[in-house]
Visitor: 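Submitted below is the structure of interest, expressed as structure tokens.
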Amino acid sequence: MQPPRTILHVDMDCFYVSVERLHDPSLVGRPVIVGGPPNSRGVVASASYEARAFGVRSAMPCSQAHRLCPDAVFVSSGHGRYSEYSRKVAEALRTMSPLVEMASQDEAYLDMTGTERLWGSPVQMGERTREAVRRETGLPCSIGIGPNRMVAKIASGLCKPAGMLWVPAGCEAEFLRPLAPGEMPGVGTKAQERLRALGIGTIGQIQDLGAEGCRQLFGPHGEELWRRACGESSAVVGHDEAVKSVSNETTFDRDSADAEFLAGVVAHLSEKVGGRLRAAGLLARTVTLKYRYAGFETHTAARTLDAPTCDDRVLRRTALELLESRRTPDRPLRLLGVGGTNLLAEGEGQLDLLGAPADDEKRRKLLGAIDAVRDKHGFSAVQTAASRREEERG
DNA sequence: TCTGGGGTCCTAGGACCC
DNA sequence: TCTGGGGTCCTAGGACCC
């Protein structure tokens, strides 16, 4: 039996709102909603606690948020600031432990095992971590502490905002007992519905079923569910892993079945994906297209290429062929997405070693030049005719 | 009420190969 | 004529997370 670990889960408090408040202090103390404009098709990305008091939640349509809280200040997201602050948070956290895993832009796991001499008790570790984040970024966070990732994460969720909660080793099961199953990561709306239909409304009820009971009720994954309900989780805190897919998608302001418009959107998205692949030094072997009809019916289509690519033109041609062969022509679409999966690091592909034809070399230089201009002047500085037309409409 | 955009992981069927 | 078992890859859809 190994000695228990000490895991911290650091969760930034309404991250986007807090970042916006640093840049515009007049937002402090007011209900703030970061997301799309109130009458757009956007959803709430982050809401301040003043807005949450009116029932506003993240992922809620902006129009609904506006109805619930008419006085809220709507701030459009995506100034590119958030990644910058996310990096600062990561830097601050790495001064506390070498084992830091950013789970997303606004949350991280730290394995603090063995740092007691340096930082003191788990609660002192938490205090000092919060101080480090505040000092380096000016941003508030909540901290959950437990013997594993899952318990630490649930703890941080319960003590928000600006809170701290420590669940000592051995107390996991008692801590989880009264909570709703949905508090467990991985148990979403669908799973919770199924549990509710069985009369299960607390994690304690899952514990009481026992390993065997859970297996009978939930099949092969039942035992895993039971173990997690008891507070066991073996996932270690690791370093950030390689990306597995790169995609861009967009919902139109109004639904459209116009072939030329749709082709323009596909071109635009393909250029974005291609640019991101090249910036990351990646090649995609599979191109995916996502399309959603007006009624929200969503489909994906994929094609695996003979040769991996990061070329906008290949991405566009493939996505366009998929779109035109699959979609029902007169049915309006509300969303299109283009993505690359099955990724290889550039140079990993063996085909390149055979010597690229001169044409490919020319193309590569052109794309390199485009990327350089975009680096300096922004994405819109260079676009194909088709994607330019699309941008002008939108 | 009317549903963003970026991801990860899982499942399941079919093709194909040995 | 009736028919294996295992493995991998591809594709589509869906649950879930922030």
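The figures here come from the full heavy-atom set of this structure, side chains too, leaving out hydrogens, waters and symmetry mates. Proteins get letters first, then strands, A, B, ... in listed order; numbering begins at 1 in each.
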Visitor: Among Ser46(A), Ser48(A), Ser142(A), find the one that has a side-chain hydrogen bond (donor to acceptor under 3.5 Å, both in side chains) with Asp13(A).
Guide: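 In the set Ser46(A), Ser48(A), Ser142(A), the residue that makes a side-chain hydrogen bond (donor to acceptor under 3.5 Å, both in side chains) with Asp13(A) is Ser142(A).
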
Visitor: To the nearest Å, give me how far apart CG (Leu195(A)) and P (dA15(C)) are.
Guide: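 One finds 15 Å between P of dA15(C) and CG of Leu195(A), rounded.
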
Visitor: Just to confirm, is there a sub-4.0 Å distance from OP1 or OP2 of dC9(C) to any side-chain nitrogen or oxygen of Thr304(A)?
Guide: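 Answer is no, no contact under 4.0 Å.
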
Visitor: When we call it a touch if two heavy atoms are under 4.0 Å apart, what does Ser63(A) touch: a base, just sugar-phosphate, or nothing?
Guide: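 Sugar-phosphate, backbone atoms only, no base.
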
Visitor: Output the pairing pattern of DNA chain C as a dot-bracket string, 5' first, Watson-Crick or G-U wobble with both distances under 3.5 Å, | for cross-strand pairs, [ ] for crossing pairs.
Guide: ....||||||||||||||

Visitor: What is the distance, to the nearest angstrom, from the CZ atom on Arg334(A) to the C1' atom on dT3(B)?
Guide: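 The answer, rounded to whole Å, is 6 Å.
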
Visitor: How long is the line joining CG of Asn248(A) and P of dG5(B), in whole Å?
Guide: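 Spelled out: CG on Asn248(A) to P on dG5(B) is 10 Å.
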
Visitor: Could you tell me the separation between the NZ atom of Lys272(A) and the P atom of dG4(B), rounded to a whole number of Å?
Guide: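 One finds 16 Å between P of dG4(B) and NZ of Lys272(A), rounded.
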
Visitor: Need one value for Val44(A): base, sugar-phosphate or nothing, where a base atom within 4.0 Å counts as base even if backbone is also close, heavy atoms only.
Guide: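 No contact.
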
Visitor: For His221(A), which contact category applies under a 4.0 Å heavy-atom criterion: base, sugar-phosphate, or nothing?
Guide: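 Sugar-phosphate: the residue His221(A), judged by heavy atoms under 4.0 Å, touches backbone atoms but no base.
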
Visitor: What's the gap between dC17(C) and dT3(B) when it is taken at their P atoms, as a whole Å value?
Guide: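 Taking atom P in both dC17(C) and dT3(B), they lie 22 Å apart.
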
Visitor: Have a look at Ala301(A) and say if it touches a base, only the backbone sugar-phosphate, or nothing, with a 4.0 Å heavy-atom cut-off.
Guide: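 Sugar-phosphate contact only.
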
Visitor: Give every pair of a protein N or O atom and an N or O atom of nucleotides 16-18 of chain C that lie under 3.5 Å apart, one pair per line with the distance.
Guide:
unit_1: dC16(C); atom_1: OP1; unit_2: Gly188(A); atom_2: N; d: 3.2
unit_1: dC16(C); atom_1: OP1; unit_2: Ala191(A); atom_2: N; d: 3.0
unit_1: dC16(C); atom_1: OP2; unit_2: Thr189(A); atom_2: N; d: 3.4
unit_1: dC16(C); atom_1: OP2; unit_2: Lys190(A); atom_2: N; d: 2.8
unit_1: dC17(C); atom_1: OP1; unit_2: Gly186(A); atom_2: N; d: 2.8
unit_1: dC18(C); atom_1: OP1; unit_2: Lys153(A); atom_2: NZ; d: 2.4
unit_1: dC18(C); atom_1: O3'; unit_2: Ser104(A); atom_2: OG; d: 2.8
unit_1: dC18(C); atom_1: O3'; unit_2: Asp106(A); atom_2: OD1; d: 2.5

